[in-house]
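Have a look at the structure below before the remarks.
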Protein chains: 4
Amino acid sequence: MRADARRNRERIVGAALGLFAEHGSGVSMEEIAQAAGLGVGTLYRHFPDRRALVEDLAVSTLTALRDRLRSTRDRPPWDALADLVGYCAGQPLALVTSLTGAAPASESRTRLVGEVDVLLHDLVEQAQKQRVLRGDLSPEQIAGLLNVAICRPGARADDPLTTVLLDGLRTHRPGA
Amino acid sequence: MRADARRNRERIVGAALGLFAEHGSGVSMEEIAQAAGLGVGTLYRHFPDRRALVEDLAVSTLTALRDRLRSTRDRPPWDALADLVGYCAGQPLALVTSLTGAAPASESRTRLVGEVDVLLHDLVEQAQKQRVLRGDLSPEQIAGLLNVAICRPGARADDPLTTVLLDGLRTHRPGA
Amino acid sequence: MRADARRNRERIVGAALGLFAEHGSGVSMEEIAQAAGLGVGTLYRHFPDRRALVEDLAVSTLTALRDRLRSTRDRPPWDALADLVGYCAGQPLALVTSLTGAAPASESRTRLVGEVDVLLHDLVEQAQKQRVLRGDLSPEQIAGLLNVAICRPGARADDPLTTVLLDGLRTHRPGA
Amino acid sequence: MRADARRNRERIVGAALGLFAEHGSGVSMEEIAQAAGLGVGTLYRHFPDRRALVEDLAVSTLTALRDRLRSTRDRPPWDALADLVGYCAGQPLALVTSLTGAAPASESRTRLVGEVDVLLHDLVEQAQKQRVLRGDLSPEQIAGLLNVAICRPGARADDPLTTVLLDGLRTHRPGA
DNA sequence: AATGAATGAGCCTTCATTCAT
DNA sequence: AATGAATGAAGGCTCATTCAT
């Protein structure tokens, strides 16, 4: 039954992602369980409380983001940046931040946020050194800006914001 | 007594704006009333229910936005666009959209949204005709994009997103 | 409406006392509210949560007990002791201790318990000095014993335990 | 396998006794199973539901009490009474009564209660005939009183209540 | 008209019990 | 036969809304 349990856990996560993305953070535990085809009790067996579920979604999302950042570390910085922006826009769980709100982060989440910060910071620094990323914004500002893009609910990969953001971030030669 | 009533109504709206901006959409009616220095009963005398209050905030915000758009109709399109982006980023109530969510809009709101759409559409068309706004995006895409920027909670006028968005929207000459 | 609110509060306390005494500590908030002829919301307006209600019952009971002890301070110690035992057996709320269980006590409750302890201690000491109370038990033991009698649910003033307890506590002359 | 089953059953009963004594009647079936080193399923194989488990504890306790009473039937009544009081105070499961509450008793329990009642009644009658037990209380009152002492949770053999009760029950010669 | 107490539907969570493995 | 995952009824609590004063 280990296999069943794992499938159920995944169904719950999937249902939660979908419902949160579609209807916002107000979705009830009952609705999530129902969407996963399970009873509430099962949901609570997998996640001790609502916060634990949200934390789990946040941690999964941040882990995937960190891994994506790591996987492009050796590519030209602009390519890595473009990949990142596209990747984020494609995430249905851009809303993680909006879900967790001001709640205290778990240790895992805190660590992941730190790792992502470092990776982003390095990426930005390299891109600016190579003059492909505009230099009048601090790494922190750009990171925050990317974060905004990441957290925007309903973002899609083919979103015009992707293009506009990238064009806005790219170094503008004099006269352009 | 009319004056008193008006003052109370304004206090409520102000309190609601402030609390929603600071603590998100989860603020309770009781909290809003208290922040306005009134009892809940008085709040309900002015707004039949929560949706009515939120609608009112939305309508006020949209009205101000429409008026801003109207007021820059005769200026060069790029200036008008820059003004618009800056204005929206400066609005503490960018969150109106997040408050109303998927709820059906009132007649007033529907009308206002339509008016804003037309004004935006015209502005975009003019800017593209003058080649100051990139032309590979449809007016609708740009409107949506602006809407995203408009609705982002916590936006401020000095936000780097403002600059980046504007640079991203501006026409890019060949070689830039 | 202050008067109504007070009456309601009293109704709640009365209903809670009755139900706890009759059906034990498992009674639900809904049942208490219903027995008081009120909705749950009203119960929660008066007591922020279950623990607060139980604490209130405990504090009332302890206050009454302390006042009773104070009121007999100037009477002969054996009379005071007999009054105390009879009083406790007559209390429907002997169950306070069983309700509060191991939960952390409020400041008021802690203070009251301390006051009652001191009063009991003095009473016992005087009674032993006058040789009307058996001396082979420490004041603490006797206090604990009285506490047991106090906390026994369902005790009544005409309970045989009252007589037996008093006779057991009284000094036994040699040969008796 | 019969041996295994018996051991498991005993483990469950032991765990339940310990947990109920230590943490009160609120202990969950899961906790009991875990303390017994078993899964809930196994617990439910031995006891169809919670009430059955509690009933079993009650029946065991009452059986032991009845056997104790039987075993002292031929000793002097006061000795038998003293033994009884001491025995009850030493029982960690004095709480059986608090566990069963007002729930309807099983046939076994009803029968046992009857047997204990008869034994107690006889004992009291003999002791009163011999003038070692105060005669101003009916057998029923004394039985009830003992029951109170029996059912008090947390009682210990060296409890001062034991001494006081016994002294209170003993016949008081004139002048004592 | 203003107030805030009362109401109750609905959410989160627990736990006795059932059932698939 | 043992296990522990799944279930769902029930309890504590919140908050939008109504209503008596």
Side-chain angles (χ1 to χ4, degrees), chain A residues 1-9 12 26-34 36-53, chain B residues 1-2 4-5 8 26-34 36-53, chain C residues 1-9 11-12 26-34 36-53, chain D residues 1-2 4-5 8 26-34 36-54:
Chain A
M1 193 165 267
R2 180 70 51 76
D4 250 42
R6 187 162 30 214
R7 174 155 59 240
N8 281 342
R9 190 186 169 97
I12 291 169
V27 180
S28 76
M29 296 298 264
E30 194 94 26
E31 285 169 306
I32 294 170
Q34 195 168 356
L38 300 166
V40 237
T42 307
L43 198 167
Y44 277 93
R45 167 171 289 274
H46 287 281
F47 301 96
D49 59 20
R50 174 178 257 265
R51 264 190 42 220
L53 171 59
Chain B
M1 278 296 148
R2 178 64 58 75
D4 248 41
N8 280 345
V27 180
S28 74
M29 297 298 267
E30 194 93 30
E31 283 169 304
I32 294 170
Q34 193 168 352
L38 301 166
V40 239
T42 309
L43 196 166
Y44 275 89
R45 171 166 301 277
H46 287 280
F47 300 96
D49 59 20
R50 176 179 253 264
R51 264 191 42 224
L53 171 59
Chain C
M1 190 163 271
R2 180 71 51 78
D4 249 43
R6 188 161 29 211
R7 175 155 58 241
N8 281 342
R9 191 187 168 97
R11 277 199 214 174
I12 291 169
V27 180
S28 77
M29 297 298 266
E30 193 94 28
E31 284 169 305
I32 294 170
Q34 195 167 356
L38 301 166
V40 236
T42 307
L43 199 167
Y44 278 93
R45 167 172 288 275
H46 287 281
F47 301 96
D49 58 20
R50 174 179 256 266
R51 263 191 44 219
L53 171 59
Chain D
M1 280 299 148
R2 177 66 57 74
D4 249 43
N8 281 345
V27 180
S28 74
M29 296 299 265
E30 194 95 26
E31 284 169 304
I32 294 170
Q34 194 169 353
L38 302 166
V40 241
T42 308
L43 197 167
Y44 275 90
R45 170 167 301 278
H46 287 281
F47 301 96
D49 59 20
R50 175 178 253 263
R51 261 190 45 222
L53 171 59
V54 167

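Chain letters run A, B, ... following the sequence lines, proteins first, then strands; residues in each count from 1.
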Review point. Between A:Ile12 (CD1) and F:dA6 (P), how many Å, whole number?
Key: 8 Å
Point to revise | From B:Asn8 atom CG to B:His46 atom NE2, the distance as rounded to the nearest 0.5 Å | key: 4.5 Å
Point to revise | Atom-pair distance (CD1 on A:Ile32; C1' on E:dT13), nearest Å | key: 14 Å
Point to revise | Pairwise 5' ranking along DNA chain F for D:Val40 and D:Arg45, keeping only the more 5' one | key: D:Arg45
Point to revise | Spacing between A:Phe47 atom CZ and E:dC11 atom C1', to the nearest angstrom | key: 19 Å
Practice item. Using whole Å, report how far CD of C:Glu30 lies from C1' of E:dA9. Key: 11 Å
Practice item. Return the minimal non-hydrogen interatomic distance between A:Arg50 and A:Met29, and the atom names on each side. Key: CA-CE, 3.6 Å
Check your understanding: Starting at CZ of C:Arg6 and ending at P of E:dG4, how long is that distance when rounded to a whole Å?
Key -> 17 Å
Exercise for review: Go through A:Leu38 and A:Leu43 one step at a time and tell me if the side chain to side chain contact (heavy atoms under 4.5 Å, CB included) criterion holds.
Suggested key: CA-CA 7 Å; A:Leu38 300 166; A:Leu43 198 167; over 6 Å; no
Exercise for review: Name the residue closer to the 5' end of DNA chain E, choosing between A:Val27 and D:Gly41 according to the nucleotide with the nearest heavy atom.
Suggested key: A:Val27
Check your understanding: If we call it a pair only when both distances are under 3.5 Å in a Watson-Crick or G-U wobble match, what pairs with E:dC12?
Key -> F:dG11
Exercise for review: Take atom CZ of A:Arg9 and atom P of F:dA6, then tell me their distance rounded to the nearest Å.
Suggested key: 11 Å
**Study point:** Heavy-atom pair with the smallest gap, counting every atom of C:Ile12 and C:Phe47
**Key:** CG2-CE1, 3.7 Å
Review point. So do the side chains of A:Val40 and A:Ile32 get within less than 4.5 Å of each other, counting heavy atoms only?
Key: no
Point to revise | Strand partner of E:dT17, provided both Watson-Crick or wobble distances fall under 3.5 Å | key: F:dA6
**Study point:** Of A:His46 and C:Glu31, the one whose closest DNA chain F nucleotide lies more 5'
**Key:** A:His46
Review point. Mapping D:Pro48 and B:Gly39 onto DNA chain E by nearest heavy atom, which one lands closer to the 5' end?
Key: B:Gly39
**Study point:** D:Tyr44 OH to E:dA20 C1', straight-line distance once rounded to whole Å
**Key:** 17 Å
Review point. What integer distance in Å separates B:Met29:CE from E:dT3:C1'?
Key: 15 Å
Review point. Any side-chain N or O of A:Thr42 less than 4.0 Å from the OP1 or OP2 oxygen of F:dA5?
Key: no
Review point. Quick one: is F:dA5 close enough that its OP1 or OP2 comes under 4.0 Å of any side-chain N or O from A:Asn8?
Key: no
Practice item. Identify which nucleotide among F:dA5, E:dC11, F:dT3 has an atom closest to any side-chain atom of A:Ser28, counting heavy atoms from C-beta outward. Key: E:dC11
